[in-house]
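To keep things clear, I will list the structure first and then write my remarks on it.
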There are 4 protein chains.
Amino acid sequence: MTELDPDLPVTLWRQLANVLRAQIEAGELQGLIPSEPTLCQRYGVSRATVRTAKASLIEEDLLTVVKGRGTFVKSSRE
Amino acid sequence: MTELDPDLPVTLWRQLANVLRAQIEAGELQGLIPSEPTLCQRYGVSRATVRTAKASLIEEDLLTVVKGRGTFVKSSRE
Amino acid sequence: MTELDPDLPVTLWRQLANVLRAQIEAGELQGLIPSEPTLCQRYGVSRATVRTAKASLIEEDLLTVVKGRGTFVKSSRE
Amino acid sequence: MTELDPDLPVTLWRQLANVLRAQIEAGELQGLIPSEPTLCQRYGVSRATVRTAKASLIEEDLLTVVKGRGTFVKSSRE
DNA sequence: GTGGTCTAGACCACA
DNA sequence: GTGGTCTAGACCACT
């Protein structure tokens with residue numbers, strides 16, 4: 001599993017966004033992505049970090065959120 | 001049909017309650033109101049949202065429930 | 001699919017219970033069984049018929065109900 | 001620990017409200033009460049059940065909520 | 001075939 | 001890391 005490094009001169013949320021973006025572009029992450037608590041545990045970061053990383057990917061139009069359902073990788077990708 | 005907007009800064013159940021209240025006051029909704037599953041479909045929300053909206057209108061004394069029969073607009077309205 | 005016959009001198013719910021019991025004993029029905037509305041559609045019977053059939057299988061200790069989750073085939077079967 | 005019984009002819013949320021009310025009146029529950037997920041685990045119920053129970057105690061003016069902080073036993077009790 | 005209760009778990013706003 | 005809102009869908013009691 002890709003690890004995040006708090007000692008890098010890059011914010012944790014940006015590292016996490018990079019990791020997730022890479023997984024999406026590699027097709028490893030499709031459809032419904034893991035929940036926020038799951039991502040917190042998996043990458044050992046706080047909820048705020050996960051949310052900021054997700055917000056940045058939503059801004060990039062890579063993710064979309066459905067309230068009460070979860071967060072999904074945008075399907076309109078080729 | 002009145003639409004609900006998940007992006008408004010007011011909860012969905014409150015929007016739904018407002019819509020139903022307006023229909024009741026306009027006399028468009030009388031007697032037996034549509035069932036909860038029907039309201040779910042019509043407004044694209046979950047049953048919990050429908051129930052919360054209805055609970056608020058019952059609290060306002062606009063609706064009344066008859067077990068096993070359905071929910072009715074209070075007749076003591078002029 | 002096994003069909004139920006309203007013209008038989010056996011109640012529908014008993015026919016349905018027999019069908020389900022056979023499926024359980026054949027191992028075709030395991031774990032979570034279909035919901036009540038699904039069974040209604042599949043066998044073309046009313047909700048009451050499904051519930052009576054299920055009640056009889058629960059009485060026989062073949063099924064167990066978990067509120068809010070569903071109905072399960074009893075695992076303590078060998 | 002007080003147990004809740006799904007088989008009693010009283011709803012789970014009402015049983016839970018009764019338990020919490022008794023603890024408050026006995027002084028066993030003071031200040032910040034356990035979080036909703038904690039109460040879910042402790043009493044083996046869903047969050048919706050916990051929330052309904054809490055809503056009834058808030059209605060009774062036994063509890064008060066501070067957004068983002070938690071739920072507290074009303075201090076104006078002697 | 002209605003409303004009543006419940007489960008499981010998601011994201012959101014706020015501190 | 002809390003409570004707030006929401007989704008999806010189960011069984012139950014009653015008519």
Side-chain angles (χ1 to χ4, degrees), chain A residues 32-40 46-48 50-51 54-55 58 63-72, chain B residues 4 6-7 9-16 32-40 44-55 58 63-72, chain C residues 32-40 46-48 50-51 54-55 58 63-72, chain D residues 4 6-7 9-16 32-40 44-55 58 63-72:
Chain A
L32 181 64
I33 73 170
S35 75
E36 295 180 352
T38 301
L39 291 174
C40 292
S46 77
R47 182 83 174 278
V50 166
R51 288 184 62 76
K54 280 179 52 177
I58 290 165
L63 293 179
T64 186
V65 167
V66 182
K67 217 173 172 179
R69 298 281 316 283
T71 302
F72 298 78
Chain B
L4 307 184
D7 295 331
V10 58
T11 61
L12 277 178
W13 69 261
R14 207 174 284 280
Q15 290 182 52
L16 177 54
L32 180 64
I33 74 170
S35 74
E36 295 181 351
T38 300
L39 292 173
C40 290
V45 295
S46 75
R47 193 170 159 208
T49 301
V50 167
R51 287 186 62 75
T52 306
K54 279 179 54 176
I58 290 165
L63 294 179
T64 185
V65 169
V66 181
K67 230 178 177 172
R69 296 275 321 280
T71 303
F72 298 80
Chain C
L32 181 65
I33 74 170
S35 75
E36 295 180 353
T38 299
L39 292 174
C40 291
S46 76
R47 183 86 173 277
V50 167
R51 288 183 63 75
K54 280 178 53 177
I58 290 164
L63 293 179
T64 185
V65 168
V66 182
K67 217 173 172 179
R69 297 281 317 284
T71 302
F72 297 79
Chain D
L4 308 185
D7 295 331
V10 59
T11 62
L12 277 178
W13 68 261
R14 207 174 285 279
Q15 290 182 52
L16 177 54
L32 180 65
I33 74 169
S35 75
E36 294 181 352
T38 299
L39 292 174
C40 291
V45 295
S46 75
R47 192 169 159 209
T49 301
V50 167
R51 286 186 63 74
T52 305
K54 280 180 55 176
I58 290 165
L63 294 179
T64 186
V65 168
V66 181
K67 230 176 175 173
R69 296 274 321 283
T71 302
F72 298 79

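Letters A, B, ... mirror the listed sequences (proteins, then strands); counts begin at 1.
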Judged by atom type as modelled, is there a donor-acceptor pair below 3.5 Å linking the side chain of B/Gln15 to the main-chain atoms of B/Val10? yes

Across nucleotides 3-8 of chain E, 5' to 3', mark each nucleotide with B, S or - according to how protein heavy atoms within less than 4.0 Å reach it. BBBBBS

Please report the distance, rounded to the nearest Å, between CG in D/Leu39 and P in F/dT2. 11 Å

Return the minimal non-hydrogen interatomic distance between B/Pro6 and B/Leu4, and the atom names on each side. CD-O, 3.7 Å

Between B/Pro34 and B/Leu39 the two heavy atoms that sit nearest each other are O-CD1, 3.8 Å

Shortest non-hydrogen contact from D/Ser46 to D/Cys40? C-SG, 3.7 Å

C/Gly70 to C/Leu32 - nearest heavy-atom pair and separation: CA-CD1, 3.8 Å

Between B/Thr49 and B/Thr52, do the side chains contain a donor N or O and an acceptor N or O under 3.5 Å apart? no

The side chain to side chain donor-acceptor pair (under 3.5 Å) partners of B/Arg69 (sequence neighbours excluded) come to none

Stem ranges of DNA chain E by first residue number, counting only runs of at least 3 Watson-Crick or G-U pairs under 3.5 Å, come to E:1-14 with F:1-14

Show your working on side-chain contact (heavy atoms from CB on, under 4.5 Å) between B/Ile33 and B/Phe72 and close with a plain yes or no. CA-CA 6 Å; B/Ile33 74 170; B/Phe72 298 80; over 6 Å; no

